[in-house]
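Numbering of ligands and ligand atoms starts at 1, following listing order.
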Amino acid sequence: MSVIKIKSNQRVKLAEIDPEDTGGLEKQAAKGILAKNIERLAELQEVLYAEGKHALLVVLQAMDAGGKDGTIRSIMSGVNPQGVSVTSFKAPTAEELAHDFLWRVHKPVPPRGMIGIFNRSHYEDVLVVRVKNLVPKAIWQPRYDHINNFEQLLVDSGVTILKFYLHISKEEQKKRLQSRLDQPEKHWKFNPADLGERERWDDYMQAFEDVFEKCSTKTAPWYIIPANKKWYRNVLISETIIKTLESLDMKFPEPAADLDKIVLK
Ligand code: ATP
Ligand code: MG
């Protein structure tokens with residue numbers, strides 16, 4: 001079982017990465033691992049908060065029905081809600097469009113001590129914007145460099161960045177969209193506009209491949225997560241977050257005084 005971590009300037013072909021992959025893991029075993037990971041993540045979040053030296057930013061990108069919401073719901077189910085913020089990036093407002101594309105992104109970056117999750121992100125500005133020609137190439141082309149510089153600024157300020165692409169197949173997307181049509185309690189999730197994005201599937205794959213090549217850096221890497229199987233996706237992402245937080249070697253702060261001399265009356 002291993003995640004696919006993109007090296008700097010590495011060109012990947014998404015068509016060559018199997019979204020069905022389960023790394024030989026069985027669903028039952030995966031559920032056990034995930035339960036443990038959820039507990040471990042809660043411990044690590046507490047020390048992240050207590051120590052207050054680092055922030056963690058998790059970026060999630062995927063095609064529609066790729067599982068961004070489900071990932072957040074499942075992986076973060078054990079952590080103290082006060083220590084996590086989730087920001088969903090929708091089509092920009094008129095005010096946001098009147099600023100540079102990173103203006104709306106900078107503020108929700110988590111402060112030290114916090115975990116921040118981006119459900120979509122500044123990468124939309126080189127994905128949907130590029131695929132649908134929302135701005136000319138001369139505008140989106142320099143954005144890869146702007147993104148790398150912006151992320152380096154964050155890293156230099158104590159933010160650890162993990163970027164996950166939830167890789168589902170076009171067939172799996174069809175199944176998931178169909179189930180939104182078939183089940184009345186899922187109708188609210190069905191957005192007819194998603195069908196237009198689905199028609200541009202190949203253009204999106206190319207735009208994603210360019211993102212991975214240009215914006216996976218040593219300090220802010222992209223991970224490709226085979227995501228047709230939700231339970232495998234959850235194990236891979238939770239493990240990657242845990243390993244990353246463990247590598248920060250965080251510690252609870254020293255107590256202010258000799259606590260063992262304090263006697264409560
Ligand atoms: P859900 O799972 O609820 O469908 P979602 O993330 O797809 O979640 P929506 O409100 O359906 O949320 O879609 C948000 C839309 O906003 C997406 O189509 C996305 O591409 C678009 N969007 C996000 N950022 C930008 C941007 N910078 N420019 C243009 N469109 C954007
Ligand atoms: Mg949507």
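When only non-hydrogen protein atoms are considered, atom 9 (P) of ligand 1 lies nearest to Lys90 NZ, 3.7 Å. Atom 7 (O) of ligand 1 has its closest protein heavy atom at Arg120 NH2, 2.7 Å. Nearest to atom 28 (N) of ligand 1 among the protein's heavy atoms is Pro92 CD, 3.3 Å. Among all non-hydrogen protein atoms, the one lying nearest atom 21 (C) of ligand 1 is Ala91 N, 3.8 Å. Summary of contacts: the protein heavy atom closest to atom 30 (N) of ligand 1 is Val128 CG1, 3.5 Å. Among all protein heavy atoms, the one lying closest to atom 19 (C) of ligand 1 is Glu124 OE1, 3.6 Å. The protein heavy-atom contact nearest to atom 11 (O) of ligand 1 is Asn191 ND2, 3.8 Å. Protein heavy atom nearest atom 2 (O) of ligand 1, with residue, atom name and distance: Asp69 OD2, 3.0 Å.
The pair Glu95-Arg104 does not count as a salt bridge, with every side-chain nitrogen at least 4.0 angstrom from each carboxylate oxygen. Between Lys261 and Asp258 there is a salt bridge, since a side-chain N of the basic residue sits under 4.0 Å from a carboxylate O of the acidic one. Ion pairing of Asp64 with Arg120 is present here, as a side-chain N (NZ or NE/NH1/NH2) and a carboxylate O approach within less than 4.0 Å. A salt bridge is defined here as a Lys NZ or Arg NE, NH1 or NH2 lying under 4.0 Å from an Asp or Glu carboxylate O, and Arg176 with Glu172 meets this definition. At a threshold of 4.0 Å, the pair Lys251-Asp249 counts as salt-bridged, since one of the basic side-chain nitrogens sits closer than that to a carboxylate oxygen. Using a cutoff of 4.0 Å between basic side-chain nitrogens and carboxylate oxygens, Lys132 and Glu197 are scored as salt-bridged.
Polar contact check, Arg180 against ligand 1: no nitrogen or oxygen pair lies under 3.5 Å apart. Considering both main-chain and side-chain atoms, Lys189 never comes within under 3.5 Å of ligand 1 through any nitrogen or oxygen pair.
For the side chain to side chain donor-acceptor pair (under 3.5 Å) criterion with Arg40, the lone passing option out of Gln45, Glu246, Glu239 is Glu246.
Listed by number with element, the atoms of ligand 1 under 4.0 angstrom from any heavy atom of Arg104 are 24 (N), 25 (C), 26 (C), 27 (N). Near Asp64, with a cut-off below 4.0 Å to any heavy atom, the atoms of ligand 1 are 7 (O). For ligand 1 and Asp125, the ligand atoms under 4.0 Å from any heavy atom of the residue are 27 (N). Numbered from 1 in the order shown, with element, the atoms of ligand 1 that lie under 4.0 Å from a heavy atom of Val129 read 28 (N).
Ser88 does not count as a contact of ligand 1, since none of its heavy atoms falls under 4.0 Å from the ligand.
Taking the salt bridge (charged side-chain N to carboxylate O under 4.0 Å, His left out) definition, one finds that Glu20 meets it with Lys229, sequence neighbours left out.
Side-chain contact check for Gln178 and Asp182: at least one donor-acceptor pair (N or O, by modelled atom type) lies under 3.5 Å. Gln10 and Ser216 share no donor-acceptor pair across their side chains, judged by distance under 3.5 Å alone. Residues Ser169 and Asn228 bring a donor and an acceptor atom of their side chains to less than 3.5 Å of each other.
Contact annotation: for Lys68 versus ligand 1, heavy atoms closer than 4.0 Å belong to the side chain alone.
In this structure, atom 4 (O) of ligand 1 is not in close contact with the protein, since no protein heavy atom lies within 4.0 Å of it.
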